[in-house]
There are 2 protein chains.
Amino acid sequence: MSNSKLYKGSLNTIILQLLNQHNKMYGYEITQKVKALTKGELNITEGALYPALHKLEAEGLLDVEVAKVDNRLRKYYKLTDTGTKETVNKLEELADYIKTMQALVNPKLA
Amino acid sequence: MSNSKLYKGSLNTIILQLLNQHNKMYGYEITQKVKALTKGELNITEGALYPALHKLEAEGLLDVEVAKVDNRLRKYYKLTDTGTKETVNKLEELADYIKTMQALVNPKLA
DNA sequence: TTCTTATGCATAATAAACTTAGGTATATTT
DNA sequence: AAATATACCTAAGTTTATTATGCATAAGAA
């Protein structure tokens, strides 16, 4: 993912928000989109991504739709209503995290 | 620590930066300082803190000095030179993390 | 045309970080 | 006297991600 440990725990937030922005995406597409948006700084490993997608689906946050393109399989994921609500929570948590960490790191500005 | 998973991986950064700001601190003091600075949002658990302090010491980033106050033990930790350098790295990583996550979450501003 | 890279999915073993749940001990407050 | 605060600690278990694989098709390079 990155040599920085700070990304630990951020994967679900990233997945949900990408699906929030792009409606439906498949796994490989997510890895490429993250790489592009972060200019190579963040590389989602498949060993992390696929289990995460399966878990989000099992929790009812994502729906899957299988498609065949160029004779190759794709699994398109999209947010459920519950998933959309959870995305809002995750984004709030991210904003809170950033605010809290900045308060810790630079208490003068708090 | 917090109900948000985003803090996973942030503990070392927090410890190092607190020691960077306050010169020397002991474990319990760190938990209270974090609680105060974050207005209760972040509570470092002792099960996470003490092993983390021991590891940072073993890696040569912290020095320990034992003191007895009111007949109770205190272990004061402070940054070594290496620890000070590593703190700079951690703070850069945090800034990069925030920038990257904001680029992912709000690509319009990127 | 063969070999490598890209696309696309997946899991299993291991490692790292943290939670939960204990344990010990002294000081202070109720 | 009992509960809370101070102050340290570890061990079992969970979560999250890494590393290492595996399978299969398409496209590009040698």
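In what follows, chains carry the letters A, B, and so on, assigned in the order in which the sequence lines appear, proteins first and then strands, with residues in each chain numbered from 1. All values reported here derive from a predicted model rather than from experimental measurement.
- The closest donor-acceptor contact from the side chain of B/T100 to the backbone of A/T38 lies at 3.5 Å or more, if one exists at all.
- Straight-line distance from the NZ atom of A/K8 to the C1' atom of D/dT19: 12 Å, rounded to whole Å.
- Side-chain nitrogen and oxygen atoms of A/K5 include at least one within less than 4.0 Å of the OP1 or OP2 phosphate oxygen of C/dA17.
- Spacing between atom CG of A/N71 and atom P of D/dC23 amounts to 19 Å, rounded to whole angstrom units.
- A residue-by-residue look at B/L53 and B/Y28 shows that B/Y28 has its nearest nucleotide of DNA chain D further toward the 5' end.
- Following rounding to the nearest Å, A/I44 (CD1) and C/dG8 (C1') show an atom-to-atom distance of 16 Å.
- With rounding to the nearest 0.5 angstrom, the NZ atom of A/K33 is 15.0 Å from the CG atom of A/L42.
- If you take OH of A/Y7 and P of C/dC18, they are 17 Å apart, rounded to a whole angstrom.
- For the contact set between residues 9-17 of chain B and DNA chain C, defined by any heavy atom under 4.0 Å, the members are B/G9, B/S10, B/L11.
- For D/dC9, one of the phosphate oxygens OP1 or OP2 lies less than 4.0 angstrom from a side-chain nitrogen or oxygen of B/K75.
- Base engagement by A/E46 is indicated by at least one non-hydrogen atom pair under 4.0 Å involving a base atom.
- Considering only side-chain N and O atoms, A/R72 lies nowhere under 4.0 angstrom from the phosphate OP1 or OP2 of D/dT25.
- Between the P atom of C/dC18 and the CG atom of B/L49 lies a distance of 10 Å, rounded to the nearest Å.
- One can place NZ of A/K55 at 13 Å from P of D/dT14, the figure rounded to the nearest angstrom.
- If you find the closest nucleotide of DNA chain D to B/Y77 and to B/Q32, the one lying nearer the 5' end belongs to B/Q32.
- Remark: B/K68 is not in phosphate contact with D/dA7, judged by side-chain N or O atoms under 4.0 Å from OP1 or OP2.
- Here B/H54 reaches the OP1 or OP2 of D/dT10: one of its side-chain N or O atoms lies under 4.0 Å away.
- The main-chain N or O of A/V105 is found under 3.5 Å from a side-chain atom of B/Q17 such that the two form a donor-acceptor pair.
- A centroid separation of less than 6.0 Å is found between the aromatic rings of B/Y97 and A/Y97.
- In terms of heavy atoms, B/L18 sits closest to B/I30 at CD1-CG2, 4.0 Å.
- The distance from atom CG of B/N3 to atom C1' of D/dT15 is 15 Å, rounded to the nearest whole Å.
- The shortest distance between the side-chain N/O atoms of A/Y26 and the OP1/OP2 oxygens of C/dG8 is below 4.0 Å.
- One finds a side-chain N or O of A/Y50 lying less than 4.0 angstrom from the OP1 or OP2 phosphate oxygen of C/dC9.
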Q.
With side chain to side chain donor-acceptor pair (under 3.5 Å) as the criterion, how do A/E41 and A/Y7 come out once you've worked through the C-alpha distance, each side chain's angles and the decisive distance to 0.1 Å?
A. CA-CA 11 Å; A/E41 148 124 5; A/Y7 290 94; 3.0 Å; yes

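- Look at A/T45 and you'll find a side-chain N or O under 4.0 angstrom from OP1 or OP2 of D/dT18.
- Atom-to-atom, CG of A/L73 to C1' of D/dA24 comes out at 10 Å; the value is rounded to the nearest Å.
- For the residue pair A/Y26 / A/E65, no side-chain donor-acceptor distance below 3.5 Å is found, with atom types taken as modelled.
- With rounding to the nearest 0.5 Å, the separation of CG in A/L94 from CG in B/N106 is 11.0 Å.
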